[in-house]
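Just so it is clear, the structure is predicted and the values come from calculations on it, not from any experiment. Every chain is numbered from 1, with letters handed out A, B, ... down the list of sequences.
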Protein chains: 2
Amino acid sequence: MDKKKLAKLEAAGWKTGSAQDFLQLSDEEAAFVESKVALAQALKAFRVEQDLSQAEAAHLLRSSQSRVGKMEAADQTVTVDLILRSLFKLGATRKDVADALRPRRIAKAH
Amino acid sequence: MDKKKLAKLEAAGWKTGSAQDFLQLSDEEAAFVESKVALAQALKAFRVEQDLSQAEAAHLLRSSQSRVGKMEAADQTVTVDLILRSLFKLGATRKDVADALRPRRIAKAH
DNA sequence: TGCGCGTATGTCAGATCTGACATAGAATCA
DNA sequence: TGATTCTATGTCAGATCTGACATACGCGCA
């Protein structure tokens with residue numbers, strides 16, 4: 001499995017635990033990727049909340065549909081800077097961002 | 001005044017309100033810069049807490065003293081990605097990062 | 001004063017990211 | 001089925017960032 005696919009898997013709903021379970025990822029890299037994915041998901045949530053397509057959001061962000069898609073997928077070729085700026089442009093507040101980053105409790109195994 | 005100096009001013013203790021008071025900065029740019037400055041300050045706090053010089057921290061981060069200095073100054077040539085990764089490498093958790101980002105209440109004018 | 005230590009800042013070659021484009025996949029509708 | 005809409009993904013030229021280096025600044029100490 002390719003390390004580069006991690007973000008995609010995570011975003012696709014592979015929330016069974018954390019990134020490290022699949023790959024040998026250092027603690028700090030895992031924390032970074034998880035943070036990025038959390039922000040990417042928040043971005044998608046903000047966009048969907050406002051009933052925008054990726055193309056429409058791209059117009060607002062002065063970017064392109066493909067880049068918005070990559071942001072939401074937490075693609076390797078996208079920086080946290082871009083995701084953060086986009087969140088704020090879509091109306092997110094610092095509190096929203098902080099909340100998105102705060103680690104969520106994992107559901108206890110039954 | 002140069003827009004590029006903003007982060008530096010902020011980091012240097014110009015906390016009298018927000019960035020927008022000085023410059024015409026869009027809401028979203030202001031939020032972004034303030035977030036970056038907050039992370040930069042957190043990074044410095046983590047380093048100082050561990051009694052490290054910028055050069056020592058740079059060694060741990062596999063970077064250079066000058067870049068660490070720029071990170072802490074929230075310099076324009078430094079990305080949030082780099083600051084975030086550095087925070088995690090110095091032992092910060094996602095919660096630490098979320099807390100650093102959460103906007104602090106401004107002290108009420110007497 | 002000069003020395004040592006830590007920090008700040010300008011510069012640059014090589015690395016990485018960005019918007020844009022092209023194209024493919026998936027879902028809905030008639 | 002084809003048409004439409006939305007999303008996913010590969011590529012690339014130009015823009016931006018990175019580590020490293022050089023150098024300057026500030027401060028305490030002998």
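- For the pair B/Leu82 CG and C/dT16 P, the interatomic distance rounds to 13 Å; values are reported in whole Å.
- Side chain of B/Asp81 to backbone of A/Thr79: no donor-acceptor contact under 3.5 angstrom is found.
- Rounded to whole Å, the distance from CD on A/Gln54 to P on C/dA24 is 19 Å.
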Polar-atom pairs under 3.5 Å, protein N or O versus N or O of nucleotides 22-28 of chain D: list them with distances, or write none.
none

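- What separates NE2 of B/His59 from C1' of C/dC5 is a distance of 18 Å, to the nearest Å.
- Across all strands, B/Ser53 comes closer than 4.0 Å only to sugar-phosphate atoms, never to a base (heavy-atom distances).
- The distance between atom CZ of A/Arg62 and atom C1' of C/dG19, rounded to the nearest whole Å, is 13 Å.
- The base of C/dG10 is paired with the side chain of B/Lys70 by a donor and an acceptor separated by under 3.5 Å.
- Contact annotation: A/Ser63 side-chain N/O to C/dG19 OP1/OP2 distance is under 4.0 Å.
- Taking atom CG of B/Asp75 as the reference point, atom C1' of C/dG10 lies 10 Å away to the nearest angstrom.
- Between the side chain of B/Lys89 and the backbone N or O of B/Arg62, no donor-acceptor pair lies under 3.5 Å.
- B/Lys36 places a side-chain N or O within donor-acceptor distance of the main-chain N or O of B/Asp75, the cut-off being under 3.5 Å.
- Heavy atoms of B/Arg47 sit under 4.0 angstrom from primed sugar atoms or phosphate atoms, though from no base atom.
- Contact check on A/Arg85 versus B/Glu28 returns no salt bridge, with no Lys/Arg side-chain nitrogen under 4.0 Å from an Asp/Glu carboxylate oxygen.
- Of the possible polar contacts, one joining the A/Glu56 side chain to the A/Ser53 backbone as a donor-acceptor pair under 3.5 Å is found.
- In this structure, the CG atom of A/Leu84 is 16 Å from the P atom of C/dC17, given to the nearest Å.
- Comparing A/Ser64 and B/Leu52 by the nucleotide of DNA chain C that holds the closest heavy atom to each, the one mapping nearer the 5' end is B/Leu52.
- Counting any heavy atom pair closer than 4.0 Å across all strands shown, A/Val68 reaches no nucleic acid atom.
- Atom CG of B/Leu61 and atom C1' of D/dC17 are 16 Å apart (whole Å).
- Ion pairing between B/Arg47 and B/Glu72 holds under the 4.0 Å rule for side-chain N and carboxylate O.
- Nucleic acid contact for A/Thr79: sugar-phosphate only, since backbone atoms but no base atoms lie under 4.0 Å from a heavy atom of the residue.
- A pairwise comparison of heavy atoms in B/Ser86 and B/Leu82 identifies OG-O, 2.7 Å as the closest pair.
- Atom pair A/Arg67:CZ and D/dT7:C1' shows a separation of 15 Å (rounding to whole Å applied).
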